[in-house]
Each structure stands twice: as structure tokens, then as C-alpha cells.
Amino acid sequence: MQNRSPNAAEGIDVSRYQGTIDWKRVRADGKSFAFIKASQGQTYVDPTFVTNAKGARAAGILLGAYHFVDATSVNAAQAEARHFAEVLNQVGGAQALDFPAVMDYENNPGGLSSAAIHEVALAFLTEFERVSGRRPMVYTGNAFAAYFKAPLGSYKLWIARYSTRVPSDTTAWKHWDFWQYSDSGRVDGIQGPVDLNVYAGTEAELRQAFAGEEEDEPMTAEEKAAFQALQQQVAALENSKNVLKQTLNEQSAYIKKVDQRVAELEARQAMPVPSWAKEAMAAAVALNPASPIVDVKLPSSYDFYRLLVVLNRLGVFKTAK
């Protein structure tokens with residue numbers, strides 16, 4: 001991949017681990033952009049996300065946001081993408097960011113194959129674009145990038161390699177847009193170490209490139225409100241679908257139980273002589289063998305056999321001597 005440009009724009013990325021940040025001092029220290037952690041997995045929200053986003057904006061720092069991927073399946077990746085989009089709504093949605101929202105996919109705790117890793121990444125990226133209306137970008141380590149296939153090369157790349165040596169080419173990418181070159185930087189306004197990043201051009205080029213990031217004209221306030229309302233309607237429909245599915249499953253289980261009960265009752269209406277009724281049946285037949293009051297060859301009901309037992313116990317079938 002390419003080397004960094006002279007006078008390249010410098011930036012940082014932060015999360016709750018950086019604590020309280022003085023963003024005006026960060027800007028005064030020459031940092032022109034920041035990527036801020038928003039979320040992780042399907043439920044986690046970084047508690048400093050909104051505060052950091054507002055602080056960076058107020059200081060005139062270009063704003064990006066990222067989501068750390070935990071998913072080990074396509075379905076989980078899609079759920080994480082939806083979670084990320086919902087968290088971004090707290091700062092105005094993906095459209096309110098200066099940069100494309102970032103999928104941070106950098107490790108493999110589930111021991112997935114290379115093909116599965118690529119599918120998880122693609123599922124997250126396409127689902128996020130579907131629900132947010134804006135195409136995301138990819139953050140990953142230089143070594144981990146080897147898992148991604150060529151189609152992901154159409155997404156902008158934020159690459160991590162903590163070295164003065166340029167990142168290596170991969171199947172998907174031969175060019176980086178942002179390079180995270182250190183995880184132990186020192187920046188005024190932040191206590192402790194922080195990740196340092198560089199853009200593939202000057203600050204002026206950075207602002208020019210991402211001012212026109214969207215292919216269409218930026219959404220108006222009315223359009224953004226309508227889009228968010230549509231997102232809420234889609235979410236409501238998804239919820240209704242899930243509720244209906246659960247209701248149908250419950251009704252199906254109930255119908256199955258009713259069918260089983262009906263079958264049991266029907267079986268009791270036409271059953272052979274049970275062992276506990278054989279003595280009573282024999283006594284009823286013996287009362288008048290030439291013309292028995294019951295037919296042992298015909299199945300009868302449970303209640304009929306119980307009646308025979310009661311009559312037999314009362315001595316009704318005893319023959320006169």
C-alpha cells in the first residue's frame with residue numbers, strides 16, 4: 001500500500017478508556033479528525049460516545065464513529081449492524097457523521113474460517129447500508145485484512161499497522177484511506193495513551209473529499225426526519241412480525257394439544273376390554289350366556305366399562321342359585 005503523504009491530516013480514535021477529553025486542546029494539538037467508539041456486539045453502547053461526539057464537533061474536529069464486531073454468524077452480524085445504526089441515531093444518524101460509519105472487525109474469537117469471516121463482514125456492511133441509508137467503511141488490522149475477499153475492496157479502508165513501515169497489500173485492498181499507525185500516542189487534552197491515525201492526504205484534501213462523500217445531495221432536515229420515521233415504521237413492522245410469529249407458534253402448540261386430547265377421548269369411546277374390566281365383562285356375559293347383555297367382540301367406551309365394574313361390584317351380575 002502507499003506511504004503517507006507530506007503534511008497528512010492527523011487524527012485519533014477514542015473510547016471510554018480515554019476518560020474525559022478536552023476536545024479544544026486536542027484540536028489545538030493539530031488533530032483534525034476523530035473516530036469515536038459507539039457500540040459493540042448486539043447491545044453494548046460506549047457510555048462516552050454522545051459526549052465525545054458533541055465535544056469533537058464543537059471543537060471543529062471531523063467526526064467518525066465505529067462499531068466493534070463480535071458476531072460469529074451472518075444473522076448476528078446483521079443484528080449488530082442494526083444496533084449500530086440505532087446508536088448513531090443518538091447523534092443524528094449515520095448521515096450526521098463526516099465520515100462513513102465504521103465496521104471494526106479485527107479478531108476471530110469464534111475460530112471462523114476465512115470464508116465465514118468474509119461473509120460476516122459482508123452481512124454487516126450490507127445490512128448497515130440498508131437500515132441507515134449510508135455506505136459504511138472497514139477498519140481492520142493489516143494481518144486480519146487477509147481474510148477478506150476482493151469484493152470488500154469497494155469499501156473505504158481504515159487500516160491498523162503500528163509501524164513506520166507502510167501496510168502491506170491484501171487481496172481486497174492496495175490502498176488505505178486512513179492508517180492507524182500507533183496505539184501509544186500522546187495528545188494534549190487526553191490523559192494517557194491514545195491511538196494515532198493519519199489520512200491519505202492533507203487536512204484540506206480530507207475536508208474536500210468527505211464534504212462530497214454522498215453521491216446525492218445531503219438530506220434536508222425534513223428528509224432526515226422522514227427517513228428516521230420510515231426506519232421506526234420498519235422496526236415496528238419487524239416487531240409486529242415477531243409478535244405475530246410468536247402468537248402463531250403458541251396457537252399451533254395449543255391446537256396440537258387439543259388434537260392430542262381429542263384423540264385420547266376418541267380412543268376412550270372405542271376401546272377393547274381393559275384388564276380392570278374383564279372380570280365384570282365375564283360376569284355380565286355369564287348372567288345369560290345364551291343371550292348375553294353385552295358383546296365382547298365390540299369395543300366400547302371407557303365410561304361403559306366403568307359402569308360394568310360398578311354393577312358387578314353391586315352384585316347385579318350374580319346368577320340366582
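This chain uses plain numbering: 1 for the first residue, then up along the sequence. These numbers come from a predicted model, not from an experiment.
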message = Just to verify, which of Asn108, Thr72, Val69 counts as forming a side chain to side chain contact (heavy atoms under 4.5 Å, CB included) with Ile117?
response = Asn108
ask   = Is there a donor-acceptor contact under 3.5 Å from the side chain of Asn107 to the main chain of Pro109?
value = no
Residue that, paired with Ile159, satisfies side chain to side chain contact (heavy atoms under 4.5 Å, CB included) out of Asn197, Val166, Thr140 = Thr140
remark   = Correct closest heavy-atom pair for Ala81 and Val131 would be O-CG2, 4.4 Å
query = Does Lys174 come within less than 4.0 Å of Asp169, counting only side-chain N to carboxylate O?
reply = no
task = Indicate yes or no: at least one non-hydrogen side-chain atom of Phe317 is less than 4.5 angstrom from one of Met281.
result = no
request  = Consider only side-chain heavy atoms of I, L, V, M, F, W and Y, link residues closer than 4.5 Å, and tell whether Val285 and Met271 are in one cluster.
outcome  = yes
Joint cluster assignment, Val194 & Tyr17, ILVMFWY side-chain distance < 4.5 Å = no
inquiry  = I'd like to know if Val91 and Ile12 are part of one continuous hydrophobic network [Ile/Leu/Val/Met/Phe/Trp/Tyr, side-chain heavy atoms within less than 4.5 Å].
reply    = yes
Least distance between heavy atoms, Pro136 atom then Leu125 atom = CG-CD2, 3.5 Å
task = Look at the side chain of Thr170 and the backbone N and O of Trp173, then say whether any donor-acceptor pair between them is shorter than 3.5 Å.
result = yes
request  = Could you tell me whether the side chain of Tyr305 and the main chain of Ser300 form a donor-acceptor pair under 3.5 Å?
outcome  = yes
ask   = Taking the side chain from Thr126 and the backbone from Leu122, do they hold a donor-acceptor pair closer than 3.5 Å?
value = yes
ask   = Can a donor-acceptor pair be found between the side chains of Thr48 and Asp46 at a distance below 3.5 Å?
value = yes
task = Go through the steps to decide whether Ser15 and Ile36 satisfy the test side chain to side chain contact (heavy atoms under 4.5 Å, CB included), and finish with yes or no.
result = CA-CA 6 Å; Ser15 68; Ile36 299 172; over 6 Å; no
task = Would you please test Arg313 and Leu311 for side chain to side chain contact (heavy atoms under 4.5 Å, CB included) and show each step?
result = CA-CA 5 Å; Arg313 288 176 180 173; Leu311 293 175; over 6 Å; no
task = Would you mind reporting whether Gln180 and Asp13 have side-chain heavy atoms less than 4.5 Å apart?
result = yes
message = Do Arg135 and Phe128 have side chains that approach each other closer than 4.5 Å (heavy atoms only, starting at C-beta)?
response = no
note = Taken to the nearest 0.5 Å, the spacing of Asp104 CG from Met137 CE works out to 11.0 Å
inquiry  = Measuring from atom NE2 of His118 to atom OG of Ser113, what distance do you get when rounded to the nearest 0.5 angstrom?
reply    = 11.0 Å
ask   = Any idea which heavy atoms bring Ala71 and Ala77 closest together, and the distance?
value = CB-N, 3.4 Å
query = Between Lys156 and Pro100, which heavy-atom pair has the shortest distance, and what is it?
reply = CD-CG, 4.4 Å
key: Separation of Asp188 CG from Ile21 CD1 (nearest 0.5 Å)   = 12.0 Å
task = Over all heavy atoms of both residues, which pair between Ala200 and Gln2 is shortest? Give the atoms and the distance, please.
result = CB-NE2, 3.6 Å
Any Val120 side-chain heavy atom under 4.5 Å of Tyr105 side chain = yes
query = So does Gln90 have more than 12 non-hydrogen atoms from other groups sitting under 6.0 Å from CD?
reply = yes
message = Is it the case that over 12 heavy atoms from other parts of the model lie below 6.0 angstrom from the OH atom of Tyr147?
response = no
ask   = Heavy-atom distance under 4.5 Å between the side chains of Glu86 and Ser39, does that happen here?
value = no
ask   = Between Arg134 and Phe99, is there a donor-acceptor pair closer than 3.5 Å when you use the side chain of the first and the backbone of the second?
value = yes
remark   = Interatomic distance, CG@Leu196 vs CH2@Trp179, rounded to 0.5 Å, equals 12.0 Å
remark   = To the nearest 0.5 Å, atom CD1 of Ile190 lies from atom CG of Asp29 at 9.0 Å
ask   = Counting only N and O atoms by type, is there a donor-acceptor contact under 3.5 Å from the side chain of Asn288 to the main-chain atoms of Pro292?
value = no
ask   = Do you know which of Gln40, His67, Gln42 makes side chain to side chain donor-acceptor pair (under 3.5 Å) with Glu80?
value = His67
query = Looking at Ser168 and Arg161, what are the two nearest heavy atoms and their distance?
reply = OG-NH1, 3.2 Å
ask   = Is there a donor-acceptor pair closer than 3.5 Å between any side-chain N or O of Asn89 and the backbone N or O of Gly92?
value = no
query = Hey, is Glu10 close enough to Arg4 for a salt bridge, meaning N to O under 4.0 Å?
reply = yes
message = Counting neighbours of CD on Gln191 that are heavy atoms of other residues, nucleotides or ligands and sit closer than 6.0 Å, is the number greater than 12?
response = no
Residue pair Arg57 / Asp98, side-chain heavy-atom distance below 4.5 Å = yes
key: Val273-Leu308 co-clustered via ILVMFWY side chain contacts under 4.5 Å   = yes
key: Qualifying residue, where the test is ring pair (Phe, Tyr, Trp, His ring centres under 6.0 Å) with Phe35 and the options are Tyr66, Tyr199, Trp158   = Trp158
query = Given the rule in the ring pair (Phe, Tyr, Trp, His ring centres under 6.0 Å) test, do Phe178 and Tyr139 qualify, once you have shown the distances and angles that lead to the verdict?
reply = CA-CA 9 Å; Phe178 296 89; Tyr139 167 90; over 10 Å; no
ask   = Salt bridge or not for Glu127 and Arg82, using N-O below 4.0 Å?
value = yes
Side chains of Val198 and Trp176 in contact at under 4.5 Å (non-hydrogen atoms) = yes
query = If you measure from CZ on Phe33 to CD1 on Ile61, what distance do you get to the nearest 0.5 Å?
reply = 10.5 Å
query = Val138 and Val102: side chain to side chain contact (heavy atoms under 4.5 Å, CB included), yes or no, with the steps?
reply = CA-CA 6 Å; Val138 176; Val102 180; over 6 Å; no
request  = Would you sort out whether Phe210 and Leu62 count as a side chain to side chain contact (heavy atoms under 4.5 Å, CB included), showing the intermediate values?
outcome  = CA-CA 9 Å; Phe210 288 95; Leu62 294 174; 5.9 Å; no
query = Would you say Leu307 and Leu298 are hydrophobically clustered, going by side-chain heavy atoms of ILVMFWY under 4.5 Å?
reply = no
key: Ion pair Arg27/Glu203, N-O distance below 4.0 Å   = yes
request  = Determine whether Ser154 and Leu152 make a side-chain contact, defined as any pair of heavy atoms from C-beta on separated by less than 4.5 Å.
outcome  = no
